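Worth saying up front: this structure is predicted, and the values here are computed from it rather than measured. A, B, ... follow the sequence lines: proteins, then strands. Residue 1 opens every chain.
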Number of protein chains: 2
Amino acid sequence: MTARKPTIDDVARLSGVARATVSRVLNDGPNVSDRMRARVAEAVEALGYQVNLQARFLAGGANRTVLLICASDTENEPNSYYQSALEIGALRVSAQTGFELVTHTLAQGGGDVVRRILHLVDDSRCCGVILTPPFSDWTDLSSALVERDATTVRISPGDPASAGAAVGMDDEAAGYALARHLLDRGHRRFGFIQGLAEHLSAEQRFRGTRRALDEAGLDADALLAVRGNFTFRAGVELLPGLIAGANPPTAVVCANDDTAVGALFAAHRDGLDVPRDLSIASFDDTPVSALVWPPLTTVHQPIQEMASRAMRIIAAARTGKAAGTLPAHEYLPFSIVERHSVGAPSR
Amino acid sequence: MTARKPTIDDVARLSGVARATVSRVLNDGPNVSDRMRARVAEAVEALGYQVNLQARFLAGGANRTVLLICASDTENEPNSYYQSALEIGALRVSAQTGFELVTHTLAQGGGDVVRRILHLVDDSRCCGVILTPPFSDWTDLSSALVERDATTVRISPGDPASAGAAVGMDDEAAGYALARHLLDRGHRRFGFIQGLAEHLSAEQRFRGTRRALDEAGLDADALLAVRGNFTFRAGVELLPGLIAGANPPTAVVCANDDTAVGALFAAHRDGLDVPRDLSIASFDDTPVSALVWPPLTTVHQPIQEMASRAMRIIAAARTGKAAGTLPAHEYLPFSIVERHSVGAPSR
DNA sequence: CGCTGATTTGGAAGCGCTTCCAATCGGATG
DNA sequence: CATCCGATTGGAAGCGCTTCCAAATCAGCG
């Protein structure tokens with residue numbers, strides 16, 4: 001059907017040089033005269049030649065594939081905004097640096113997830129892996145990856161010190177800052193819908209909030225915590241219980257935006273006015289937080305930027321000089337985005 | 001660092017057979033005795049052997065990579081729920097059939113998008129491509145793909161007849177049905193926030209709505225249409241103008257959920273009660289439609305299922321018997337999901 | 001028991017590329 | 001002008017796999 005694609009030999013023939021020389025100019029190798037370079041470039045152009053990556057990798061050339069591993073909590077409710085932001089951020093850099101990004105989304109349940117991820121990595125013979133929560137907390141995984149010689153970057157790991165580079169933000173400080181924000185507006189009774197306990201970075205957010213309340217001299221039952229799982233549904237289902245008591249919280253903090261949107265939904269449904277009757281705040285600043293009414297006050301986390309950094313770390317590690325450098329730990333600043341879901345307590 | 005990965009020759013040596021035989025059992029080839037099969041399987045197991053896909057493809061083996069090409073309208077607001085649903089649907093089937101799915105998201109702007117997609121396809125030497133809107137409407141693209149021998153499936157194309165298989169739903173009928181739904185509840189004045197004109201399937205939805213109104217005997221100015229671009233922002237910005245007139249619509253239909261969520265946001269902001277003051281309905285039934293308050297009445301489109309079908313078509317075309325069959329056009333049923341954003345008109 | 005044809009197995013070529021190593025070239029040097 | 005060294009270039013091996021083709025094996029049959 002289609003004409004056979006031109007190979008490196010076609011280029012060599014047309015430009016009248018050896019195959020090895022063509023390979024050199026293709027890879028920006030040293031020791032090639034400008035004349036040769038020009039001749040080859042011309043032939044490449046004329047033929048519309050494109051290297052066959054399969055062949056290149058087989059022959060031991062530098063692999064430039066990077067895997068982005070994302071978790072989907074449930075089949076039907078992927079953490080999609082978070083994931084898209086990651087993807088966009090990584091994509092932007094990969095385009096610049098000539099690395100190819102491949103995203104894999106897997107359900108985080110099931111005992112063999114580690115095996116499957118490793119399989120994916122082996123299969124693709126990729127040179128780098130970006131791990132997102134909660135995979136970024138699986139130290140066995142990142143160790144195995146590093147051992148396989150894949151440059152590994154973990155996004156928002158709970159423990160930045162273990163194997164592989166890390167990019168994240170100071171989650172404890174973010175939790176603290178958000179609580180202060182609420183405290184400053186006069187709130188004294190709080191609810192908190194936590195995420196999954198395995199997500200260490202989310203737990204740190206909670207810890208920060210608790211610290212802020214402690215320092216403000218509030219006692220333990222000023223903070224009512226329930227365990228959710230980051231989903232919209234969790235917010236919907238858990239909010240009522242949180243505010244059912246005799247002396248309910250005037251502000252509830254959610255581990256992430258999706259949960260907050262769920263809480264907001266439940267509040268609306270139950271006839272509460274947000275923020276008059278109840279303030280709601282959360283973390284991440286994913287697009288959904290600006291989509292709902294009232295738009296959410298949330299801690300902005302530079303997700304795209306994190307992914308960009310991750311890509312950049314991999315690119316640097318795989319390109320010349322920086323290769324072999326010890327893994328980096330980068331911390332990006334967060335900020336509180338004030339929208340309309342937080343007000344002064346009415347009671 | 002890591003021990004070299006075992007190759008097919010290692011397996012051959014350990015099991016005491018020829019490399020060719022190993023290859024045969026690996027590929028479920030014919031003409032292999034059960035004894036051999038067992039011996040090889042054992043060696044594979046013992047060595048933890050995994051075929052090197054690069055090498056396999058190079059050697060001319062069947063390629064099993066499928067590309068899912070998605071559009072991101074703008075950098076910051078990817079159509080993420082839609083895309084995730086597609087991905088999940090395709091993923092499910094690819095896992096079953098042994099094909100590998102690779103998703104690529106590209107900004108749809110820029111004149112060279114076609115070239116970039118083609119480049120991606122050439123590069124990956126993939127065997128199949130799933131095109132999502134608006135790429136599914138680019139006939140030049142699908143023709144080029146088909147010519148390249150890639151099994152091409154278009155999701156929701158405006159014209160199912162052109163090159164490549166097609167999976168979608170009857171968008172015109174969906175538009176008609178949704179309008180009937182509104183008509184039945186007593187609405188007589190309508191607004192419609194359209195999507196981008198290039199998305200043919202979305203245009204058909206509009207056409208269906210118009211037909212329903214025509215058939216109901218309403219005249220042309222019973223339908224006020226404005227052009228949006230599928231985004232939340234479009235909904236926010238376009239709604240006010242739509243309902244500003246002396247005799248405003250009592251119901252507005254949006255080309256997709258994101259836009260409807262935006263319209264809902266604007267309505268809230270401007271102090272309107274939905275659905276008492278204004279009904280809002282849309283298309284797609286992406287998760288976000290159930291997240292907002294009030295949850296949206298929307299036309300459910302089986303997005304996951306569409307992607308699954310697309311994958312299945314590719315798998316069938318690339319596996320034995322069905323190979324070479326003429327492209328299929330599959331139409332999936334839609335349904336109206338009644339939630340709370342539609343009521344009877346108050347005026 | 002020898003022969004034919006079908007089935008199973010092994011050998012070897014080659015996919016398109018990188019890279020090592022040897023050959024060549026071009027001055028600068030004595 | 002002969003010599004030598006570094007910069008270029010070409011030749012060839014080989015990455016791990018599939019597949020064509022020939023060799024070997026096995027039944028079945030006269």
Send over the distance from [X] [atom1] to [N] [atom2], rounded to a whole Å.
{"X": "A:Arg35", "N": "D:dA7", "atom1": "CZ", "atom2": "P", "value": "18 Å"}
{"X": "A:Met36", "N": "D:dT8", "atom1": "CE", "atom2": "P", "value": "11 Å"}
{"X": "B:Arg13", "N": "C:dG10", "atom1": "CZ", "atom2": "P", "value": "14 Å"}

task = Give a yes-or-no answer on whether the side chains of B:Thr151 and B:Arg318 include a donor-acceptor pair shorter than 3.5 Å.
result = yes
inquiry  = Please tell me whether B:Ser84 and A:Gln83 have a donor and an acceptor in their side chains that are separated by less than 3.5 angstrom.
reply    = no
inquiry  = Apply side chain to side chain contact (heavy atoms under 4.5 Å, CB included) to residues A:Arg92 and A:Gln304 and explain how you reach the verdict.
reply    = CA-CA 9 Å; A:Arg92 192 159 18 231; A:Gln304 289 192 18; 2.4 Å; yes
task = Sequence neighbours left out, what passes side chain to side chain contact (heavy atoms under 4.5 Å, CB included) with B:Ser124? Give chain and number order.
result = B:Leu67, B:Cys126
key: side chain to side chain contact (heavy atoms under 4.5 Å, CB included) assessment of A:Val22 paired with A:Ile8   = CA-CA 7 Å; A:Val22 177; A:Ile8 195 174; 3.5 Å; yes
inquiry  = Nearest to the B:Thr7 side chain among D:dT8, D:dG10, D:dG16, which nucleotide is it?
reply    = D:dG16
query = Taking B:Thr132 for the side chain and B:Ile155 for the main chain, is one N or O donor matched with an acceptor at less than 3.5 Å?
reply = no
key: Residues in contact with DNA chain C, drawn from residues 20-27 of chain B - heavy-atom cutoff 4.0 Å   = B:Ala20, B:Thr21, B:Arg24
message = Which is more 5' along DNA chain C, the nucleotide nearest A:Asp9 or the one nearest B:Ser33? Just name the residue.
response = B:Ser33
query = Of B:Val17 and B:Ala59, whose closest DNA chain C nucleotide lies nearer the 5' terminus?
reply = B:Val17
ask   = Hey, is CZ on B:Arg37 packed in by over 12 heavy atoms from elsewhere, all under 6.0 Å?
value = yes
task = Decide if atom CD of A:Glu42 counts as having more than 12 heavy atoms of other residues, nucleotides or ligands within a radius under 6.0 Å.
result = no
task = Tell me which residues in residues 37-58 of chain A put a heavy atom below 4.0 Å from DNA chain D, sorted by number, or none.
result = A:Leu58
